[in-house]
Amino acid sequence: MKIFIDSADIDEIKDAYSSGVIDGVTTNPSLIKKAAEKQNAGKDLGDYIKRILDVAKSTPVSLEVTEYRYKDMVKQGKALFKKFNPSAKNVFIKIPVNPSFPDDETRDDEGIKAIKDLSKAGIPVNCTLIFTPEQALLAAKAGARFVSPFAGRVDDYIRKQNSIKFEKSDYYPACGMCRKKGMLHDNGIVSGVDLIAKTVEIFQEYGMKAEVLAASLRNVRQVRECALAGADIATLPFDVIKQLLVHHKSREGMEKFTKDVIPEYVKLTK
Ligand code: E4P
């Protein structure tokens, strides 16, 4: 499974890439806003984004459109690609699967149309804000190279609907939770990992070319479960990437091995 960093913070991206095991970057308007505030990047945002593309070099960096009408998304996607792809040839354009707002369903299929147009023009698309395997299927049929189901936000939604208190990083069981009335779910999806697993299953069944990018992950156990479910990619916040290596027993073992080193052994390599 490929590991992407879900961040627009250049320091985090540099730090993550220095490990040599990061395969790409995903950004979104909220992450750009956060980075612009922290890094004062708003002043010259174009240059700032080019620095990110340069750090990520030959690995994909997703830049999201902010428009929400079909033609406008295509226009903006093409403009973003034209402006930023030449610097490191690694830009993916992120298109929402459904750009409608909660009380306005007039744009339900405009994301799919935009994906189709951009893909036809040879621009690689990462389809975002996916909450059902059906949305992922249509995005893949339209030509998206990556489909991004939002696992963490599904868990949040199920918990909120059922008045379960939680912190953003709290683990939610992949197999779902049972209450008096039965299994908690969102239209048959019992957890974020279940959303990933069902999407992977459908894609394998029909030989879809798009890669399943597990997004909105908040803890290491979810990462493991997405890998077991067969996700092609997981995009992770920097703090979750750092947590992937942590185990108390590794640290304890290291301390003991270091205490036990005999000088004769060290001399062998001097
Ligand atoms: C994916 O590409 C998104 O940027 C991201 O994973 C959303 O995560 P969040 O639900 O933690 O905001």
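We count ligands from 1, going down the list as the structure has it; atoms in each ligand are counted the same way.
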Checking side-chain contact (heavy atoms from CB on, under 4.5 Å) against Val74, which of Ile123, Leu118, Ile95, Val65 comes through?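 Passing option: Leu118.
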Using distance alone, with no hydrogens and no angle criterion, decide if Ser7 and Glu12 have a side-chain donor and acceptor under 3.5 Å apart.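 Yes, side-chain donor-acceptor contact under 3.5 Å.
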Hey, does [X] come in under 3.5 Å of ligand 1, counting only N/O atoms on both sides?
X      : result
Lys94  : yes
Asn28  : yes
Ser148 : no

Is a salt bridge present between [X] and [Y], judged by a nitrogen-to-oxygen distance below 4.0 Å?
X      : Y      : answer
Lys198 : Asp194 : yes
Asp9   : Lys38  : yes
Asp156 : Arg218 : yes
Glu252 : Lys256 : no

Using the six-membered ring wherever Trp is involved, compare the ring planes of Phe92 and Phe146 and label them parallel, tilted or perpendicular (cut-offs 30° and 60°).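 The rings of Phe92 and Phe146 lie parallel, inter-plane angle below 30°.
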In the protein, which heavy atom is nearest to [atom], and how far is it?
atom                    : answer
atom 8 (O) of ligand 1  : Ser216 CA, 3.4 Å
atom 11 (O) of ligand 1 : Arg218 NH2, 3.2 Å
atom 12 (O) of ligand 1 : Arg153 NH2, 2.8 Å
atom 7 (C) of ligand 1  : Phe150 CE2, 3.7 Å
atom 5 (C) of ligand 1  : Asp6 OD2, 2.8 Å

What atoms of ligand 1 come closer than 4.0 angstrom to any heavy atom of [X]?
X      : result
Ala215 : 1 (C), 6 (O)
Thr26  : 2 (O)
Lys168 : 11 (O)

May I ask you to check if Arg107 and Phe101 form a cation-pi contact, with NZ or CZ under 6.0 angstrom from the six-membered ring centre and within 45° of the axis?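 Yes - Arg107 lies over the ring of Phe101, closer than 6.0 Å to its centre and within 45° of its axis.
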